[in-house]
Structures are given as C-alpha cells and as structure tokens.
Amino acid sequence: MEKQVLKIGQISDTHIGDGASLVQDIDVCKNFLTAYNSPTMKDLDLLVISGDLADNATPGAYSYIADIIKDCKVPVCIIPGNHDNLEIMGKYFDLNGKIHNGKCYYRYDIDGRSIFFLDSADGTVSSEQLSWLEQETSKIDDEVLLFLHHPPCLCGHKFMDLRYSMKNIVEVQATLSKIKNLKHIFVGHYHSEMTVQLEDKTVYVTPSTQMQINPNISVFSLSSAAPAWRVIEWGENFMETRVYFSNTP
C-alpha cells in the first residue's frame, strides 16, 4: 500500500531573545509567530525547529517557544544550533532519550517512515553521530530524511561559507555518500534560501524567521528582516518543498 504524503513544516533560526525582547531591533517573537501561525503551516504531520532557537541561550527564549508549542497539535522535533545551550534547552523541551554524550541526535519514526536528526551545534557532527547514522539508516530499506543545523557542504554564500561553515565537512560528506537511501537533507544556519546538490543528495537551506543575510558579499549585510519558513511534502518517490516569506503571496 502506498504511504501517505507527509506534510512537514520547518522553522529555523528563530533567535529569540530573553522572552519578548527585540533582537537587533527586530521583533523576533512576532516573526516566529508569523511563521508558526501561517496558513501554509496548517494540517502539518510534523513540525521541525532546526536550531538557533535562542539568540544567546537565555532561559527566557526557550520558555517563550515552549509556551507557544505546548498547544501544537502535531509532534515537534527540535535540534540545537550554535547559539543554543543544550543543557538549558533540556529544561524546557522533552529531549528524553535524545541526548547522548552531550549531543542531541535521534531517529523519529512517523507513519512508517524514518527521519533523522543530528547535532551540529559546535560546528561539527561528531564521529559518534556519523557512525550511528550510518548504522541506523542501513537498517531501513525505504528512503529517509535528515535534518541538522549546519549545511554539510559549502553553499556559495560568501559571508557564511567564509566564517561559519561546518568544520568537518569532509568527514561528514564521506559518511553521507555511503547512505544511498538518503536523498534529501534539510538545514538552516545560513539565513538564506539555497538549494545545493551534493552528489546524489539535495541540501535544502531554509532561511531564518529572524532575518536574512545577503549571500553575495563577504561581509555581514542584512538583506531582509522578513521571516521565512519551509513546507515539505514527502511521499513515496515524491518530494516537493517550498519556502515562504511573510510577503510571499
């Protein structure tokens, strides 16, 4: 029997400050709510928040997000980013069974399909996580999805590639290339919308709800303070995804 199409929402890089405070003069809470409450995010099967929930790892940021998503009608999968503190996050979100040796990585099964989440908060994906990913995906015949914070490749983003790219890209790519049932990888971190081909896999870089960074110059330049988010529809031999900005029709 053909599996149903899963609708997954991805929100990334919310960079919430201490509660409702502004961050760099941007109302990041309002931006987060714009994405979270968007009509495009209705009827989800799963919501993913893919790192940098907080701007500076303050408890108030995690408390704010936790209070919003407590009423979410679908499961929520969360991973940390480089601005997060996993120990503080664990006090506000249910990460039981998801933290191993100080890293938050796990497999989530939904409607007979498997989605994997890795922790790149320190700018690397640890060897332990890579071994685990290779072993776990080898147990699955069907296609799997992967979410992590950092792109596992350079993306042609002049500012982020130069300063904040993943530190062990070569090691990570060596593992990913072995996983033949992984075709689609979803990330954040770069505050831009980008799609990059990595051998037989496609890496989808999801923009931020906080702000977007100009990818065309090597110094920091704000290109927009409009929030953006991603919707993924994943079926059997089917993948369709679209990024929405708050000014998208």
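Each residue takes its place number in the sequence, starting with 1.
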A.B. asks: Could D200 and K183 be called an ion pair, given the rule that one side-chain N must be under 4.0 Å from one carboxylate O?
C.D. replies: yes
A.B. asks: If you measure only the distance, is there a donor-acceptor pair under 3.5 Å linking the side chains of Q173 and E199?
C.D. replies: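 Side chains of Q173 and E199: no pair found under 3.5 Å.
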A.B. asks: So for atom NZ, which belongs to K180, do other residues, nucleotides or ligands contribute more than 12 heavy atoms lying within a distance under 6.0 Å?
C.D. replies: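 Yes - once you tally the heavy atoms of other residues, nucleotides and ligands closer than 6.0 Å, there are more than 12.
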A.B. asks: Looking only at the side chains, is there a donor atom on one of H189 and N82 sitting less than 3.5 Å from an acceptor on the other?
C.D. replies: yes
A.B. asks: Only pairs at least two apart or in different chains count here, so list each side-chain hydrogen bond (donor to acceptor under 3.5 Å, both in side chains) that has a residue in residues 219-230.
C.D. replies: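 The answer is T40-W229, T206-R230, R230-T241.
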A.B. asks: May I ask you to test the H149-D84 pair for a side-chain heavy-atom distance under 4.5 Å?
C.D. replies: no
A.B. asks: Indicate yes or no for a side-chain donor-acceptor contact from S38 to the backbone of T34 under 3.5 Å, with no hydrogens or angles considered.
C.D. replies: no
A.B. asks: Please determine whether a side-chain nitrogen of the Lys or Arg among K7 and E233 lies less than 4.0 Å from a carboxylate oxygen of the Asp or Glu.
C.D. replies: no
A.B. asks: Given the rule in the side chain to side chain contact (heavy atoms under 4.5 Å, CB included) test, do M211 and H191 qualify, once you have shown the distances and angles that lead to the verdict?
C.D. replies: CA-CA 7 Å; M211 63 180 180; H191 291 251; 4.0 Å; yes
A.B. asks: So I78 and I69, do their side chains get closer than 4.5 Å, heavy atoms only?
C.D. replies: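 They are in contact (side-chain heavy atoms under 4.5 Å apart), so the answer is yes.
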A.B. asks: Pair W234, V5 - check side chain to side chain contact (heavy atoms under 4.5 Å, CB included), show working.
C.D. replies: CA-CA 5 Å; W234 181 37; V5 174; 5.8 Å; no
A.B. asks: Does any donor atom in the side chain of Q10 or S50 lie under 3.5 Å from an acceptor atom in the other side chain?
C.D. replies: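 Looking only at side-chain atoms, S50 and Q10 do form a donor-acceptor pair, the distance falling under 3.5 Å.
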A.B. asks: Mind listing the closest non-hydrogen atom pair of T209 and A35 along with its distance?
C.D. replies: CG2-CB, 3.8 Å
A.B. asks: Would you check if the distance from the ring center of Y106 to the ring center of W132 is below 6.0 Å?
C.D. replies: no
A.B. asks: Keeping the roles fixed (side chain from S120, backbone from H150), state whether a donor-acceptor pair exists under 3.5 Å.
C.D. replies: yes
A.B. asks: State whether the side chain of N56 and the backbone N or O of T58 hold a donor-acceptor pair below 3.5 Å, judged by distance alone.
C.D. replies: no
A.B. asks: What pair of heavy atoms forms the shortest contact from A174 to S177, and how long is it?
C.D. replies: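 Between these two residues, the closest heavy atoms are O-OG, 2.9 Å.
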A.B. asks: Mark yes or no for whether S63, through its side chain, and P59, through its backbone, hold a donor-acceptor pair below 3.5 Å.
C.D. replies: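 Absent.
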A.B. asks: Can you see whether N168 engages T124 through a side-chain donor-acceptor pair at a distance of less than 3.5 angstrom?
C.D. replies: no
A.B. asks: Tell me which pairs pass ring-ring contact (aromatic ring centres under 6.0 Å, His included) where either residue lies in residues 71-96, with sequence neighbours left out.
C.D. replies: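 ring-ring contact (aromatic ring centres under 6.0 Å, His included) check on residues 71-96 returns H15-H83.
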A.B. asks: Is a side-chain donor-acceptor pair under 3.5 Å present for Q129 with S126?
C.D. replies: yes
A.B. asks: Checking ring pair (Phe, Tyr, Trp, His ring centres under 6.0 Å) between F147 and each of Y108, Y204, F186, which is the one that passes?
C.D. replies: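 In the set Y108, Y204, F186, the residue that makes a ring pair (Phe, Tyr, Trp, His ring centres under 6.0 Å) with F147 is F186.
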A.B. asks: Can you check whether I49 reaches S12 side chain to side chain, under 4.5 Å on heavy atoms?
C.D. replies: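 SC-SC contact between I49 and S12 ruled out.
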A.B. asks: Would you find a donor on one side and an acceptor on the other, under 3.5 Å apart, between the side chain of S131 and the backbone of S127?
C.D. replies: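 Yes, because the side chain of S131 sits within donor-acceptor range (under 3.5 Å) of the backbone of S127.
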A.B. asks: Pairing donors with acceptors under 3.5 angstrom, does anything connect the side chains of H184 and T202?
C.D. replies: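 Not at all, the side chains of H184 and T202 share no donor-acceptor pair under 3.5 Å.
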A.B. asks: Please find the pair of heavy atoms, one from I26 and one from A225, that lie closest to each other, and give the distance.
C.D. replies: CD1-CB, 4.1 Å
A.B. asks: Rounded to the nearest 0.5 Å, what separates atom SG in C104 from atom NZ in K98?
C.D. replies: 7.0 Å
A.B. asks: Please confirm whether F117 and Y105 have ring centers closer than 6.0 angstrom.
C.D. replies: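 No.
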A.B. asks: Are any side-chain N or O atoms of T14 and backbone N or O atoms of L53, one a donor and one an acceptor, separated by less than 3.5 Å?
C.D. replies: yes
A.B. asks: Quick one, I99 and L86 - any side-chain contact, counting heavy atoms below 4.5 Å?
C.D. replies: yes
A.B. asks: If you measure from the Lys or Arg side-chain nitrogens to the Asp or Glu carboxylate oxygens, is any gap between D122 and K167 under 4.0 Å?
C.D. replies: no
A.B. asks: Taking only residues at least two apart or on different chains, which pairs with a member in residues 42-70 satisfy ring-ring contact (aromatic ring centres under 6.0 Å, His included)?
C.D. replies: none
A.B. asks: May I have all residue pairs that pass ring-ring contact (aromatic ring centres under 6.0 Å, His included) and include part of residues 26-58, sequence neighbours excluded?
C.D. replies: F32-Y36
A.B. asks: Are any of the side-chain heavy atoms of M194 and V203 separated by less than 4.5 Å?
C.D. replies: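 No - every pair of side-chain heavy atoms lies 4.5 Å or more apart.
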A.B. asks: Run the numbers on V231 and M41 for side chain to side chain contact (heavy atoms under 4.5 Å, CB included), then give the verdict.
C.D. replies: CA-CA 7 Å; V231 175; M41 299 282 262; 3.9 Å; yes
A.B. asks: Is there a donor-acceptor pair under 3.5 Å between the side chain of S208 and the backbone N or O of Q210?
C.D. replies: yes
A.B. asks: Do other residues, nucleotides or ligands put more than 12 heavy atoms under 6.0 Å from D43 CG?
C.D. replies: no
A.B. asks: Measuring only between side-chain heavy atoms, which start at C-beta, is V28 closer than 4.5 Å to L22?
C.D. replies: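 No; the side chains remain at least 4.5 Å from each other.
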A.B. asks: Is the closest basic N to carboxylate O distance between E134 and K178 below 4.0 Å?
C.D. replies: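 The answer is yes: the pair qualifies as a salt bridge.
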A.B. asks: Between V125 and V172, which heavy-atom pair has the shortest distance, and what is it?
C.D. replies: CB-CG2, 3.8 Å
A.B. asks: Taking only residues two or more places apart in sequence, or in another chain, which ones meet Y164 in a ring pair (Phe, Tyr, Trp, His ring centres under 6.0 Å)?
C.D. replies: F159
A.B. asks: Please check if the number of heavy atoms outside E87 that lie under 6.0 Å from its CD is greater than 12.
C.D. replies: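 Open: at most 12 neighbouring heavy atoms sit under 6.0 Å from CD of E87.
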A.B. asks: Does the salt bridge (charged side-chain N to carboxylate O under 4.0 Å, His left out) test come out yes or no for D161 and K158, once each step is laid out?
C.D. replies: CA-CA 6 Å; D161 277 350; K158 291 183 178 178; over 6 Å; no
A.B. asks: Does any N or O in the side chain of N37 come within less than 3.5 Å of the main-chain N or O of P39, such that one atom is a donor and the other an acceptor?
C.D. replies: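 Flag not set: sc N37 to bb P39 has no pair under 3.5 Å.
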A.B. asks: So, using side-chain hydrogen bond (donor to acceptor under 3.5 Å, both in side chains) as the criterion, who are the partners of N237 when residues are at least two apart?
C.D. replies: none
A.B. asks: Would you find more than 12 non-hydrogen atoms of other residues, nucleotides or ligands less than 6.0 Å from K70 atom NZ?
C.D. replies: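 Yes, the 6.0 Å shell around NZ holds more than 12 heavy atoms from other groups.
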A.B. asks: Please report the shortest heavy-atom distance between D142 and N181, naming the atom on each side.
C.D. replies: O-ND2, 3.1 Å
A.B. asks: For residues Y190 and C153, report the shortest heavy-atom separation together with the two atoms involved.
C.D. replies: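 Scanning both residues completely, I find the closest heavy atoms to be OH-O, 4.3 Å.
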